[in-house]
Amino acid sequence: MSNKTSIKGGEFVIKETAYTDIFIPEEFDEEAQMIRQTCLDFLDAEVLNKLDRIDAQEEGLMQSLLDKSGELGMLGVSIPEEYGGFGKNFNTSMLVADAVGGGFSFAVALSAHTGIGTLPILYYGNAEQKAKYIPKLGTGEWKAAYCLTEPNSGSDANSGRTSAKLNAEGTHYLINGQKMWITNGGFAYIYIVFAKIDDDKNLTAFIVEKDFGGITMNPEEHKLGIKGSSTRQVFFNDCPVPIENMLSERENGFKIAVNILNIGRIKLGAATIGSARSVISTAVNYANERVQFNLPISKFGAIRYKLAEMATRLFATESAAYRAGQNIDDAYDSLVAGGMDEAKAKLKSVEQFAIECAIIKVWCSEMLDYVVDEGVQIYGGMGYSAEAPMERAYRDSRINRIFEGTNEVNRLLVVDMLLKRAMKGELDLMGPAQAVAGELMSIPDFGEEDDTPFTAEKKIIANLKKAGLLVAGAAVQKLMMTLSKEQEILMNIADVIGYVYVAESVLLRAEKLYHTRGEESAALAIDMARVYLYSTIDKVNVAAKEALYSFGEGDELNMMLVGIRRFTKAAPFNVKEARQRIARKLVEENKYCF
Ligand SMILES: Cc1cc2nc3c(=O)[nH]c(=O)nc-3n(C[C@H](O)[C@H](O)[C@H](O)COP(=O)(O)OP(=O)(O)OC[C@H]3O[C@@H](n4cnc5c(N)ncnc54)[C@H](O)[C@@H]3O)c2cc1C
């Protein structure tokens, strides 16, 4: 680790990363693989054979599954050993989210409990609170829920109306209000509740036990998907919460909510990876078995295209997720080495990579939606049948673009956080943006012909980053203070940044595999990296042009468009052949195999 370059969050926008500085999932050690296998075995033995019963919300079933997973240690992976957990690093907890991700509603219940339910106490609780709650949450004896959203306060989470008033004796806060869409609401014992004390501007967080009293709830919501996940409206009616159950400080609740959601976002990404892996395996298997026109449909180019594209998008987003996960671990190690308290360092390290967390949430959830949609299509009519596996996968995937911050809100955040870091001087965006603007005035550098592996692809990535800087720099200059209201342009910029991050991540993974395992073994990873990269070029081209058209004018616009053309130019690459090679491997292996 010590000889690695220290990487800052968001810096990828202006800097090149060396393949030696990223972690790839192929590098997980034997212990991490064993933890993963334990989770996969648990799903096989306990969850996947009960999906209908889970979705029917059979009384007590989800709780008993959480209890069993607790006995296996699955709920305590990121809990420190002093509280009875395993104290594993961030990327190992990502691997667990990934492994459990194929568990449909069970995955949602588990991740709400271990993530947004448990982590506020682990990272913001005082010693007494941690000692009282964490061991029981780690085993699953107490199950947790997170109560932020209200009927009139969703994306605008700090606008909640739930109130907390100190009682006359000064011993308890009385909480009153209505929370909505509360995952695990029906069976949780611990609720992390966000409320406003008196006329405070910001929320305060409280640890609420069900037995405190004053808690009622509506029946289960009828949902499009994740039907087995308990989702309730929870009402607090003079719910008395002892003053010692305030989490952190008064008015620190919104910060807690935001920071915990950063972790939730990247973990949600990891969960979609596990889900996509199993959907692709199911789809490949069906494509090999289903015969039409005397041939398995997996022989048809149209189907092979889908299989290859599903695998490519999964492989690419997975590369980004574990790259960022390791960045978080490295940042944590260096903060702790610098003397920071462990809980604080956990939060700080994730906060540093909040831009990457938001990108991973968006790109992974959209990857899974693509994968399940094509999964249904490969199944044809059977894709539409509730008797076959794709229907549930299709419905269950959809929520990922909505919770943990909608994808619109996360796209806005990506750009907002980048610009704020630039304004604070933490990230030099304007220097490189001005350099790109200057480059437009000069004669293009065609460079030396260089056929060293990955040189051409790296040049493309560098150019795509320039395209992003060109658009973002021009938008900031032209629109100044009104840019924050120009959401269409912000979405365009977020698209450029997100696609480039994922494309660079998969390319670095392929490069690392090439150098560590040899050309032959890395061949399909290289194919997937190139396929993703080539579609990224077009996506960046469109997003950049759309943005420029909306605020550019005259000669200046023309010059910028010339720049975009220059920065999105690449030598032809036969994506069809590459996808054929990827599909051939999937079809031969009869599963997702990368
Ligand atoms: C099944 C399920 C489980 C959930 N679990 C929990 C839980 O356990 N705990 C919890 O606290 N919450 C939970 N939620 C709530 C979830 O986080 C919210 O639904 C989500 O944050 C969106 O809020 P909203 O539904 O009020 O939508 P709104 O905020 O009303 O958004 C509606 C639309 O407007 C867009 N929009 C909103 N604001 C902006 C803006 N500024 N700019 C551009 N577009 C915008 C959104 O992207 C969206 O497309 C859950 C929701 C569901 C459906």
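Values below: all heavy atoms of this structure, side chains included; hydrogens, waters and symmetry mates excluded. Counting starts at 1 for both ligands and their atoms, in listed order. Remember, predicted model here, so these are calculated numbers, not experimental data.
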- atom 27 (O) of ligand 1 has as its nearest protein heavy atom S155 OG, 4.2 Å
- Note on the structure: Logged contact type for I399 with ligand 1, heavy-atom cut-off 4.0 Å, is side chain
- Note on the structure: If you scan protein heavy atoms around atom 8 (O) of ligand 1, the nearest is T183 N, 3.0 Å
- Query: Which one holds for K179 and ligand 1: side chain close, backbone close, both close, or neither close, with close meaning a heavy atom under 4.0 Å?
  - Reply: neither
- Would you mind checking if E71 and K68 are paired as a salt bridge, meaning a charged N to carboxylate O distance below 4.0 Å? no
- Task: Give the contacting part of L412 toward ligand 1: side chain, backbone, both or neither, where contact means a heavy-atom distance below 4.0 Å.
- Result: side chain
- atom 4 (C) of ligand 1 has as its nearest protein heavy atom W181 O, 3.0 Å
- Item | Residue and atom name of the nearest protein heavy atom (relative to atom 18 (C) of ligand 1), distance in Å to one decimal | T149 OG1, 4.2 Å
- Does the protein put any heavy atom within less than 4.0 Å of atom 35 (C) of ligand 1? no
- About how many Å separate CD of E58 and CG of L65, when rounded to the nearest 0.5 Å? 9.5 Å
- Do you see a protein non-hydrogen atom under 4.0 Å from atom 53 (C) of ligand 1? yes
- Indicate, with yes or no, if the rings of F194 and F206 have centres closer together than 6.0 Å. no
- Of T406, V193, V108, the one whose closest heavy atom lies nearest atom 48 (C) of ligand 1 is T406
- Decide whether an N or O pair under 3.5 Å exists between D156 and ligand 1. no
- Using protein heavy atoms only, decide if any is under 4.0 Å from atom 32 (C) of ligand 1. no
- Taking the six-membered ring for Trp, is the centroid-to-centroid distance between F106 and F42 below 6.0 Å? yes
- Message: Check this for me - ligand 1, T231, N or O atoms closer than 3.5 angstrom, yes or no?
- Response: no
- Which ligand 1 atoms does I402 reach within 4.0 Å, using its non-hydrogen atoms? 20 (C)
- Query: How many angstroms lie between atom CD1 of I360 and atom OG of S505, to the nearest 0.5 angstrom?
  - Reply: 7.0 Å
- Can you label the angle between the Y191 ring and the F236 ring as parallel, tilted or perpendicular, going by 30° and 60°? perpendicular
- Note on the structure: Quick look: L148 vs ligand 1, heavy-atom contacts under 4.0 Å, and the answer is both
- How close does the nearest protein non-hydrogen atom get to atom 39 (C) of ligand 1, and which residue and atom is it? V409 CG2, 4.4 Å
- Message: Can you report which non-hydrogen protein atom sits closest to atom 26 (O) of ligand 1, along with the distance?
- Response: G154 CA, 3.1 Å
- Carboxylate-amine/guanidinium contact D198 R250, below 4.0 Å: yes
- For atom 40 (C) of ligand 1, the option (of Q487, K485, R232, E221) bearing the nearest heavy atom: Q487
- Query: Less than 6.0 Å separating the ring centroids of Y499 and W363?
  - Reply: yes
- Note on the structure: Here the gap from N262 atom CG to E356 atom CD, rounded to the nearest 0.5 Å, amounts to 10.5 Å
- Side-chain H-bond candidate by donor/acceptor type, N407 with K361, under 3.5 Å: yes
- Query: Just wondering, are more than 12 heavy atoms of other shown residues or ligands nearer than 6.0 Å to CD in Q377?
  - Reply: no
- Message: Does this structure show an ion pair linking R277 with D98, if we count only N-O contacts that are shorter than 4.0 Å?
- Response: yes
- Which residue owns the protein heavy atom closest to atom 49 (O) of ligand 1, what's the atom, and how far is it? E408 OE1, 3.4 Å
- Query: Based purely on interatomic distance, does Y146 place a nitrogen or oxygen under 3.5 Å from a nitrogen or oxygen of ligand 1?
  - Reply: yes
